[in-house]
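Report on the structure given below.
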Amino acid sequence: MTIRIDRRTFLKGAAAGSLVAAGWPLTGSLRPPFGSGEALASGTGGPDLAVAAGGDPDAMVRRAVGALGGMSRFVGKGDVVVVKPNIGWDRTPELAANTNPEVVRAVVRMCLEAGAKTVRVVDRPCNDPRRCYKQSGIKDAVESIGSPAVVVEHADPRKFVEKTIRNGKTLQGWAFYKDVLEADRTINVPIAKHHNATRLTMSLKNIMGILGGNRGNIHHDLDRNIVELNTVMRFDLIVLDAVRILTANGPQGGRLQDVRVADTIVAGTDPVAVDSYGATLFGITGKDVPHVLYASQAGLGEIDLGKVRILTV
């Protein structure tokens with residue numbers, strides 16, 4: 001029996017204790033990933049991460065999410081789901097600056113197949129939003145599904161609400177996108193790529209796309225700020241796109257010679273573990289990426305892949 005955990009329930013147990021002990025803020029919207037109760041109740045569990053390597057993007061997404069128990073573990077009938085890709089840049093898919101559009105489409109389709117009432121795809125780009133949505137290929141890919149239950153939307157500046165970061169060391173609060181906070185389920189679909197300020201950007205840093213205000217101010221002590229922002233909410237599922245990875249001149253890129261085809265999808269619920277695995281695709285470890293290391297120290301996830309159950313499918 002799958003145990004559904006209310007989205008607004010406070011995170012309790014060991015992870016919460018780690019945060020408090022470390023002196024990091026614990027806010028009301030941080031909660032265990034949906035579906036984790038079943039593994040805990042049965043005492044058996046499954047993989048913590050599923051890695052699909054090789055094949056077309058749709059097939060890889062389906063293999064990876066399927067290995068975790070399928071999308072129905074994360075999305076239930078009648079749920080309102082927000083899918084958060086990286087659509088930050090006015091770049092075409094082959095330049096690997098944004099999430100692969102076929103990966104986003106696969107995730108949205110699987111949500112519908114699981115019974116979602118509405119699936120909303122949203123980001124707050126750095127470049128002109130309309131050009132980013134179009135050039136990335138994500139708008140066309142998602143709309144090609146042809147379902148009235150799917151909405152590709154631009155972030156509405158009126159929908160950002162201030163959230164307090166209790167006991168924040170570098171931030172006391174920030175504005176978050178209301179629709180994400182209030183969705184029944186949220187799915188983080190970042191791309192794995194180089195970033196000139198944080199070395200890499202993957203799931204933890206992808207939270208920037210649901211923030212309001214002047215995000216430039218966050219870049220002071222950026223790595224620690226990323227961690228504090230991730231204490232405000234936790235995505236129910238992460239599907240990391242590493243079909244093409246940007247190895248240099250990120251986050252915007254622009255040169256094909258900086259792109260490497262990795263044909264990999266990583267799925268999980270632990271952002272530190274997902275990003276730590278993603279780091280290995282660049283020949284480094286999670287500990288080499290400051291915000292991933294700090295997130296581990298804050299109790300937000302497991303950085304030691306030797307302690308993570310990884311299934312390659």
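Hydrogens, waters and symmetry mates are skipped; everything else that's a heavy atom, side chains included, is used. These numbers were taken from a predicted model, which means no experiment stands behind them.
- Side-chain N or O atoms of D48 include one that pairs as donor or acceptor with a backbone N or O of R309 at under 3.5 Å.
- Using modelled atom types, no side-chain atom of K139 and backbone atom of V152 make a donor-acceptor pair closer than 3.5 Å.
- The side chain to side chain contact (heavy atoms under 4.5 Å, CB included) test with P190 singles out one residue from N206, L204, N98, and that residue is N206.
- Taking CZ from R199 and CG from D223, the interatomic distance works out to 11.5 Å, rounded to the nearest 0.5 Å.
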task = Apply the test salt bridge (charged side-chain N to carboxylate O under 4.0 Å, His left out) to residues R109 and E102: give CA-CA distance (whole Å), side-chain angles for both, the deciding distance (0.1 Å), then the verdict.
result = CA-CA 10 Å; R109 277 180 171 161; E102 295 179 60; over 6 Å; no

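- Linking Ile, Leu, Val, Met, Phe, Trp and Tyr residues whenever their side-chain heavy atoms come within less than 4.5 Å places I238 and V83 in a single cluster.
- Between L200 and M202, the closest side-chain pair of non-hydrogen atoms falls below 4.5 Å.
- Closest approach of P85 to V104, counting heavy atoms only: CB-CG2, 3.8 Å.
- Looking at D275, its side chain never comes within 3.5 Å of a backbone N or O of V272 through a donor-acceptor pair.
- Of all the heavy atoms in I210 and F160, the pair that sits closest is O-CE2, 3.5 Å.
- Side-chain atoms of L246 and L95, non-hydrogen and from C-beta on, never get closer than 4.5 Å to each other.
- A donor-acceptor pair is defined here as one N or O able to donate and one able to accept, closer than 3.5 Å; such a pair exists between the side chain of W174 and the backbone of G212.
- Between R234 and P271 there is a side-chain heavy-atom pair separated by less than 4.5 Å.
- Partner of T201 under the side chain to side chain contact (heavy atoms under 4.5 Å, CB included) criterion, chosen from M208, H195, H291: H195.
- Panel note: side chain S136, backbone I138; a donor-acceptor pair is recorded below 3.5 Å.
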ask   = Do R130 and D128 pass the salt bridge (charged side-chain N to carboxylate O under 4.0 Å, His left out) test, and can you show the C-alpha distance, the side-chain angles, and the key distance before you say yes or no?
value = CA-CA 6 Å; R130 286 172 178 78; D128 177 75; 5.5 Å; no

request  = Test side-chain contact (heavy atoms from CB on, under 4.5 Å) on R260 and T247 and set out the steps.
outcome  = CA-CA 7 Å; R260 177 165 62 84; T247 61; 4.1 Å; yes

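- For the pair P93 and R244, the tightest heavy-atom approach, listed with the atom from each and the gap, is O-NH1, 3.5 Å.
- Checked for salt-bridge contact, D79 and K117 miss the test: no charged N lies under 4.0 Å from a carboxylate O.
- P125 is not listed as a side-chain neighbour of R131, based on a closest heavy-atom distance of 4.5 Å or more.
- Using a 4.5 Å cut-off on side-chain heavy atoms (C-beta onward), M233 and V180 make contact.
- By the 4.5 Å heavy-atom criterion applied to side chains, N196 and N249 are not counted as neighbours.
- A side-chain donor-acceptor contact under 3.5 Å links Y177 to the backbone of D156.
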key: side-chain contact (heavy atoms from CB on, under 4.5 Å) evaluation trace for V121 with V108   = CA-CA 8 Å; V121 179; V108 172; 3.7 Å; yes

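- When all heavy atoms are compared, the tightest approach of V313 to A67 is CG1-CB, 3.9 Å.
- Checking side-chain atoms of R224 against main-chain N and O of L171 turns up no donor-acceptor pair under 3.5 Å.
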inquiry  = Apply side-chain contact (heavy atoms from CB on, under 4.5 Å) to residues V81 and F74 and explain how you reach the verdict.
reply    = CA-CA 10 Å; V81 182; F74 305 97; over 6 Å; no

Pair R62-E113, side-chain contact (heavy atoms from CB on, under 4.5 Å): steps then yes or no = CA-CA 12 Å; R62 290 181 179 276; E113 292 164 5; 2.9 Å; yes

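- Taking CG from N188 and CG from N230, the interatomic distance works out to 8.5 Å, rounded to the nearest 0.5 Å.
- Nearest heavy-atom pair, T198 versus P290, reported as atom, atom and distance to 0.1 Å: O-CD, 4.4 Å.
- Note: the hydrophobic cluster containing I145 also contains M110 (ILVMFWY, side chain heavy atoms under 4.5 Å, direct or indirect links).
- V151 and I187 are not part of a single hydrophobic cluster, where members link through side-chain heavy atoms under 4.5 Å apart.
- Here the side chain of T269 pairs no donor or acceptor atom with the backbone of D236 at under 3.5 angstrom.
- Counting only N and O atoms by type, the side chains of D288 and T285 include a donor and acceptor under 3.5 Å apart.
- Side chain of K193 to main chain of P251: a donor-acceptor pair is present (N/O by atom type, distance under 3.5 Å, no hydrogens or angles).
- A donor atom on one side chain and an acceptor atom on the other are found under 3.5 Å apart for E228 and T170.
- T280 contributes no side-chain N or O that, together with a main-chain N or O of G278, makes up a donor-acceptor pair within less than 3.5 Å.
- The pair D58-R105 does not meet the salt-bridge criterion, since no charged nitrogen lies less than 4.0 angstrom from a carboxylate oxygen.
- A donor and an acceptor atom, one from each side chain of D241 and N100, are nowhere located under 3.5 Å apart.
- At a threshold of 4.5 Å between side-chain heavy atoms, the hydrophobic network of Ile, Leu, Val, Met, Phe, Trp and Tyr places V161 and I218 in one connected group.
- Contact record, V122 with A155: CG2-N, 3.9 Å, taken as the closest heavy-atom pair.
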message = ring pair (Phe, Tyr, Trp, His ring centres under 6.0 Å), that's the test. Do Y133 and H154 meet it? Break it down for me.
response = CA-CA 9 Å; Y133 276 51; H154 297 282; 4.2 Å; yes

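- Transitive grouping of hydrophobic side chains (ILVMFWY, heavy atoms separated by less than 4.5 Å) brings L293 and V274 into a common cluster.
- For the pairing with V107, the side chain to side chain contact (heavy atoms under 4.5 Å, CB included) check across T99, V61, V119 returns one residue only, V61.
- The shortest side-chain heavy-atom distance between V243 and V261 does not fall under the 4.5 Å cut-off.
- Considering only heavy atoms from C-beta on, E94 stays 4.5 Å or farther from V259 through its side chain.
- In this structure, the separation between CD1 on I165 and NZ on K163 is 10.5 Å, given to the nearest 0.5 Å.
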